[in-house]
Structures are given as structure tokens and as C-alpha cells.
Amino acid sequence: MRLLPSLVLLLVLCGALTGCTASTDSADTIRIRWPSDPETLDPLLVSSPQALEVINLLHCSLLTSNPEQLQIVPWLVESLPKISRHDSLTRLTYQLRAEATWDNGQPVLARDVAFTLRVMHCPGLPTEFARAQYGFVQEIELDSADSRRFTLICSSASPDIVLASGDYSILPEYSLDPLGTLRAVPLALLRTDTAEAVRRHPALRAFAARYRQAQLSRHPDRLPGCGPYRLKSWESNRYMVLERKAGWWANRLPKPPPWLQARPEKLAYQIIPDNTTALLALRRGSLDLYPMPTARDFTAMRASADTARLAFYTADSYDMLVVGFNTQRPMLRTAATRRALSLLFNIPDLMQATHQGLAYRSVSLINPHDRLAYQDSLPNLIFSPVEARRQLQLAGWQLRPAGGWWNGKIGPLALRISYHAGATEHETVALQFQAAAARIGVEVQLRPAEAGLLQQQLATGDTDMFIRKTSGNPFAYNFMPLLHTRGIGLINYSRFSQPAADELIEAITAEPSPERHARLLKRFQVLLRRESPLVVLYFTRNRLITTRRVTSVRTLSVRPGYDVLSLQLASAKP
Amino acid sequence: MTSTGLRTKRNWSWHLSLGWLLLLAAAALLADLFSLPTGPDLLRSNAAPLTPGHLLGTDSQGQDVLRGMLYGARTALLVSIPTTLLASALGTALGVAAGYWGNTRLRIPKHWLGSVAVALIFYIFFAAPANSVLAGWWPWCTAGGGLLLSVALSRFSQWRTTVALPVDSLVSAAIVFLAALPRLLLVVLVATAVTPSVTTLVLLLTLTFWVPTARLIRAEVRRIRWLPYLEAAVALGLPAHQILLRHVLPNCWHVVRTAVPLSLAILISLETTLSFLGVGLPPELPSWGRLLAAGRIAPSCWWLIVFPTIALLLTALSLRRLVAAPEPHSRVLQAP
């Protein structure tokens, strides 16, 4: 009899534990692997690919991309904007869709767009990135006759601004500022003189305090969106479940295009940091979709007997692995030295070792698939320590009998190469470079660093060389942050600064004609090879493994590498 | 079992353990004599053992596993031996001081304490201008200043009086503090913040690893402190350093001798753990832990797990065996 209470207690405990364990297994749920938590789901503070993926499901922007056809397409708006130019200003006139509504049925209006732009520039909010990204929108003019029509006045003539002008989540004014306190604040004043704006409109400060108190980063449920999904549950570092809205506004469209059709009923993102555990979960059927497995795992799985249960997809991507030189270091100041060192990367073998062939070469930052802009007259970099040695000598370096390369008083040529600690791919590149450099007498010290420390090293220029991943996209070429003088201290980690390059980058950004734009890009690639502040090692391919339970899989060249809206379950397929 | 049988059995395993450790030391010392591939063989990553040119295979970066094993042995010894010696020396010194002097028996003139405190405050809170002549000599300047201050203060009678320094309390507090913190966590936290190198890792491990030795020595010295022969030495008026060196240390030497091989085994494991986690040592330095970490990336490559694990296991067991085995020439074993 004494056993009975213990048994009851054990049963209660088991029941409680089972109840506490959230189940994401469901017949109508597609389970997707994430390597890490999105951390913040505030649409203005997106900091990770995971967060971006979810925000694009919870919220809508004016425009979106159709990555299959590499086109910009209208999302919340009826069509692409009407463009007119006056002097150096560009006017983009948009018309919002009549069907677009918030969850409570209120229409999405032009004043919501104006509100979003004001929030981006609201003092007291950590929206620096959004301000820098969309700061070219100088003013918004609302049409008094049509509450869904508005015009953005932009300070650039570049064709790239079309996408950028509509590439941010629209926030609901009715939820965040029901009294419309920000409506009286001119956007131009917010952009140019924040202090004066706060002095004239004290409501800004109160709004910023309210916005911060809402803690939208961790409580996205407090911010209604007009996207196809709503957040059902989020357990930090464990899982996130999204549920399709029954009455999403796009369902009312007579013939919705693919990007306005949401097929999966439920999406469960399961956070599994370890790759091996994720593979095991996929094999056991606890996962349906595994985006971006390591190239090694992908090829091993594809060659295994799992192909009967699993499907494998690849797509060319715009992600590239880049090695940068700190051009402000005395040792690396001359382009000839940088060009010589570029010859120490054994790119074909590195592609094979790190990606098993799931990568492709490029002579520059432009994807070779962009045939119009790619400079195919430039040869691929060769791996040749002998040639590197010869070019170092031509650059004025001399190998002293005591050891080490010297160029006058500068020397010995010894380099520190920084990369993300734990990134095996980066470490392989660094080790290969170190071994090749050692063959010609150049000492290389590897400096793996944690993310925060690496960021600090790169931003302050406390390194000679670095290895990092860079992402491009098929819609725009903006090299301002990466290689313009104004990008130094931000993400111009090579600290490259040259008046001719700055001029060319500015010309590329401002050029409206596609043909002239492509010619400028080709000139820029030649300049980039000559100056060699960066070496593009290779572009990678997106990889995706799904179970056969998932159908209608569309792989994309841009992140996350698949079209989540098109996914369907085999059992649910009509 | 007869004592002879016991001796034979113990000797056999003891010699085997010693043999393995000597082999390990020879591998570490003579690794350069083998012509092993130095750079990564990118086209033969994850190659299985007996692949031409790679007897024990390669890891996912194309690094030769045999080279990793041999140079890994060197790394293990390079980190663990100096750390063990330094940590044992530090632990012994602090343990002896705490056990012998306790909280009341070490009396220091006030002018010493005052000048040391002032010098330390100056050293910590003030610094010479970076471009001045004093910049490089600042520690010596503060020490010299402290000395002068001490001489000056000693002229006043109230500063010549002595105060008891609570050595035992201070050392015990440090022991409790370090023992309360998880060592691995502490080392990982500090190691991620500093530039990885063998020197910094040795220093870091020394500063966290003196605790077990200090604790054992303190207990032993507290035991022998009141034994008649030590009381007699004190009564004879022998100076403290003579008592410590000639009477205390020789009598607690057996504690150090037992603790050293065990510390060595723990430190080799700790170095492997740190390398496995990718902190502490430069990435180009081969290590058993790195091989194990490579095995985590490629779980199907058994050779990345098996070889370093066997080496690690044999080393730890051998070191423990050396401690556990009775001394071959002790009176007990030599008795018929």
C-alpha cells in the first residue's frame, strides 16, 4: 500500500512533464530546422536571417522580390511605383491594394506608411540601421483625395532605390499610436534635426518610451501585422510556431500571384544548434525541412540510402566567401603586395574541401550569373606561391638571409588573419593560406575570435586580413557600405579608400540606365582586381534537404534558400 | 596472493604504464624527425587510415591525423608539465604558509604593510604617461617608491610595531573562492577574452589549478606543525625559513609527489577539453582535443575519435597507475 502514493506521484510528475513539453508534432505542421534563435522580432531591429524569415511572414512590405524570376514585385501595393524625376530627386508614387487590411479589418492606408517612416527616424529608438538603410526617403506626400495613394520623395536617382523604397515592414498606426500623435511631425524635420523635432513635438519622447516598453523584440504578439501568419508560440532557443490566418486579406484576391498565397497551415521552426542532432532528427522524421546543411553532410546524405525518404535540392546563391586585406596597414598599403598575397589561395581545392563542389568561382563581387554586369574578361586567380614570391619582389619586398620579407624599413612581412571562431570553413581557408605563405617565408598568425570580438577587430581595423561571408542579392549593387570611404568604421572592413573608386561606386548607385550601369560595374570589377582590397574566393550554393512528406518545394537563390509559402504536405495536397 | 605475486603483478602494470609515458615523451620530443605532411591536404579530407601518405587518415580540413597525434602529445606535455610544476610550486608555497603561520604567527612591521599597500594602490590606479621615459619602468618605480616609503616610515616608532597577517584566512578565502567557481567555466571565459597562446594558457591554468595542492599541503602542515620535533626546532630558535626548508617541506613532500601525477592527468584532460572547445590554444597547434572536435563535425570518421581517445585514456590510466603503485624500492616490497 505504501507503493501506491509513490506511483500516483510518479504518474502526476510524468503527466506534468509531458504537459510542459510543447509538442510541435502535428499532421498539418511543417517542421523546419533553425540553427539559432531569431533573438528579436521587432521589424525595425532585424538582426538575423531567422528573424527576417519570420518577419516576412508576420508583416508585409510595399514590395517584395520574386526570386525565381529575379524581379521586384508588388506586395501591399497594386503595382510597381510610378517614377518621375525632378533635378536630383526621384518621386515614387504608390497605390496600396484596396484588399489590404489589418487583422481587425481596418484597411492598410498611406498614413500607416508615413507612420512607419516616422518611427524609423523617431529619436530614442535603436533604429540606426533602418535610418541608414532608408534615409534616402526625404519626405512622404499623402494624397488628400485617396487615402491609399502616396508619393515618396527620394534623394537618389539610382534604379536600386525602387526596391529599397518599399522593402520595410509596414507598421499599424492604430495599434502603436492610436491617437495619431506622430502625424503632426514632419518627416523632413525628423531626418535633419532630431533635437529640434523633440523640442517642437514632445510627443515623440512619450511615443519612444511606449514603444520601448512594449518590448516588441520578445513580444511580437503585441504588434499586429498584415502578413499571412500569426505567432502561435515561441519558446526561446527551443521552437517557434506560426499559424496561418484564416482571413488573410490576400485570400480575397481573385487570382493571387504565388507570393500572395500561403499554403502551409502551420510552420514550426525547431531550434537545433548542432548539425549532427539536426541530421538525426531529419532521419528520424522529427524534421521536415533542413535548410543549409553543411556541404559535407549534404553530399554524404545524398549518397546514402536515405534518398528514398529524403529529397535534395540546390540553388545558386548570392553568398560568397571573401578574404579582405586591411589596406591601411603599412605592409598591405600597396596594391601589388595585396595582389601577390592573393595568389596564395588555392581556390579550387578549397572549394572541393569545404563545399565538395557545391560552390562556384567568380572574379569579383558580381555573381557570374549576372551576364550583363559580370566582367568575364578578367581571369580567375591562380594558386602559385612561386608567382606570389616573384610579385612580392616586384612590389619591392626582399627576403633577408636572416629570414622575413622586408620592404625598406617595413617588415618583416607577418600577417594576422581574423575569422569567426568555430567556423570550420574559414579555418580551413586560413590554414591553407598559412601553409602556402610559410612556403615563401611569410609568417601568418591565425586569430579566431568570437562574434563580438571579431566585429570589434574589424570595425577598428585591428587586423591585417580577415575572412568572412558576404551576401549579395540579384536586385541591387550598392558597394557604398562595403568599399566606399564613407563605409570605413561601418562595414568597409578592408578600410579601402580611393577617390576613383568612390566616384565609381557613387556613379553605380546613381546610374538609372541599365546598360550604362552594367558598364560601370564592369569598370568597377577591373578596378577591384587591380587594387585587390578583397579576394572573392567563391560563391556558395544553397542546399536543402526535405522529407518526402513535403512537396511543392521551390528553391531560391536568396535567403532562406526556399519559398516557405509554397511548401505543402503530401497528405494535404488537393 | 603472496606478497611476491602482488609485487610481480604491480611491477608489470607499473612498467607498462611507465613504458607508455616514455613512449609519449619520445613521440613529443622526436615528432620533428618524422616526415609528416605539414599543410592541409585539401583534396584528401576525411581520408580513412592507410590512405597513401596518411597512415592514420585525415580530418575534415585535410590535416594528417598521425601528425596530430604526435604533435598533440607534444602540446599536451607542453601545457600540462609546466602548469603542473608551477601550480604545484604555488600551491605548496601557499599551503605551507597558511599551515605554518596560521592567522597569528606571521607578524609584519606596520611600515612594510603600509608601504606595500601604497605602492600597490599607485600601481593599480595610476600609470605613467604612455610616451614618457617612466612608462616601461613604472612597476620598478612604484616598487622603489614603496621601499623608500618603508624606510621613511620605519623612523617613526608607531610604524615599527608589528601586526599579525592572517595568512591562513587569506589563503583559505582564495581556496574557497576558486573552488566555488567551476574551473572549466572560468578558464573558458578568460581564454576566450585573451589571445590564444601556450604561455597564456599555462599561466591561466596555473592560477586556477594551485588549489588542490594548497589544500592538501595546508592540512599536512597543520598536522605536523605541533609535532615534538618541530616544536623543538622552534624552541631552539631556528629561523622560519630554515624550519620550513629543512623540517616542514621534506615531511610533506610525499603529498606533493602523489598530487603531481594526478594533476598531470587532469591537466592533460583539461587541455584536451579546451582544445575540443576551440579555446586557449592557437588553431594551428595540433592537439588531441582538436582531433576529437573534428570527429564531432564528421561523426562517421571513427579514426578521429578512436586514436586520440585511446591516447588520452592510456595516458590518464598510466599516470594514475604510477601513483597507485607502491614504490618499487620501499621497505614493504623488499621484505621477504
Side-chain angles (χ1 to χ4, degrees), chain A residues 274-277 279-280 294-297 299-301 303-304 344-357 383 385 416-439 443-454 456-457 462, chain B residues 36-48 51 54 57-64 67-68 71 188-201 274-287 289-302 304-305:
Chain A
D274 186 64
N275 291 336
T276 312
T277 314
L279 272 185
L280 199 64
T294 62
R296 191 174 306 282
D297 289 343
T299 44
M301 291 280 277
S304 75
L344 294 174
F345 292 100
N346 188 349
I347 299 172
D349 286 5
L350 282 171
M351 278 165 55
Q352 186 56 37
T354 57
H355 284 272
Q356 276 77 54
F383 170 60
R416 294 176 304 162
I417 185 162
S418 296
Y419 57 91
H420 193 294
T424 318
E425 181 186 358
H426 299 192
E427 192 162 285
T428 308
V429 173
L431 284 167
Q432 183 275 316
F433 179 73
Q434 187 187 43
R439 280 164 61 183
E443 191 191 325
V444 175
Q445 187 194 344
L446 309 194
R447 291 175 86 198
E450 294 305 314
L453 190 61
L454 180 67
Q456 192 189 341
Q457 282 177 8
D462 179 24
Chain B
L36 297 166
T38 49
D41 188 349
L42 295 174
L43 295 179
R44 284 193 188 137
S45 56
N46 285 343
T51 301
H54 302 289
T58 61
D59 66 6
S60 53
Q61 291 177 328
Q63 305 266 32
D64 189 63
R67 182 174 183 272
Y71 283 89
V188 167
L189 273 177
V190 180
T192 47
V194 297
T195 312
S197 76
V198 175
T199 315
T200 49
L201 187 63
L274 288 173
S275 300
F276 179 81
L277 296 172
V279 293
L281 288 172
E284 63 270 32
L285 206 63
S287 145
R290 277 194 189 281
L291 284 175
L292 287 168
R296 196 167 57 102
I297 297 167
S300 57
C301 300
W302 57 266
L304 298 175
I305 309 286

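A donor-acceptor contact shorter than 3.5 Å is absent between the side chain of A:R296 and the backbone of B:N46.
How far CD of A:Q356 is from OG of B:S45: 6.0 Å, rounded to the nearest 0.5 Å. Atom OG1 of A:T424 and atom CG of B:D59 lie 10.0 Å apart (nearest 0.5 Å). Separating the CD atom in B:Q63 from the OG1 atom in A:T428 is a distance of 8.5 Å, to the nearest 0.5 Å.
B:R296 touches chain A through backbone and side chain together, each having a heavy atom under 4.5 Å away. Contact annotation for B:P299: only side-chain heavy atoms (C-beta onward) come within less than 4.5 Å of a heavy atom of chain A. For A:L446, the parts sitting under 4.5 Å from any heavy atom of chain B are the backbone and the side chain alike. Heavy atoms closer than 4.5 Å to chain B are found in both the backbone and the side chain of A:L350. Residue contact with chain B, scored on non-hydrogen atoms closer than 4.5 Å, involves the backbone and the side chain of A:A353 alike. For A:Y419, the part lying near chain B is the side chain, with the backbone staying farther off; criterion is any non-hydrogen pair under 4.5 Å. No part of A:N275 comes within reach of chain B, as not one of its non-hydrogen atoms sits under 4.5 angstrom from that chain. Heavy-atom distances place both the backbone and the side chain of B:S60 under 4.5 Å from chain A.
Residue with the most contacts toward chain B among A:Q432, A:Q445, A:R439, A:R447: A:Q432 (heavy-atom pairs, distance under 4.5 Å). Most heavy-atom pairs under 4.5 Å with chain A, from the set B:A293, B:P40, B:G39, B:S300: that is B:P40. Contact tally against chain B (heavy-atom pairs below 4.5 Å) for A:E425, A:E427, A:E450: the top residue is A:E427.
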CA sep, side-chain torsions, deciding dist, call: B:E284, A:L431, side-chain contact (heavy atoms from CB on, under 4.5 Å): CA-CA 7 Å; B:E284 63 270 32; A:L431 284 167; 4.1 Å; yes

Go through it in stages, so that I can follow the logic: the residues are A:Q352 and B:L42, the test is side-chain contact (heavy atoms from CB on, under 4.5 Å), and I'd like the CA-CA distance, side-chain angles, deciding distance and then a yes or no. CA-CA 7 Å; A:Q352 186 56 37; B:L42 295 174; over 6 Å; no

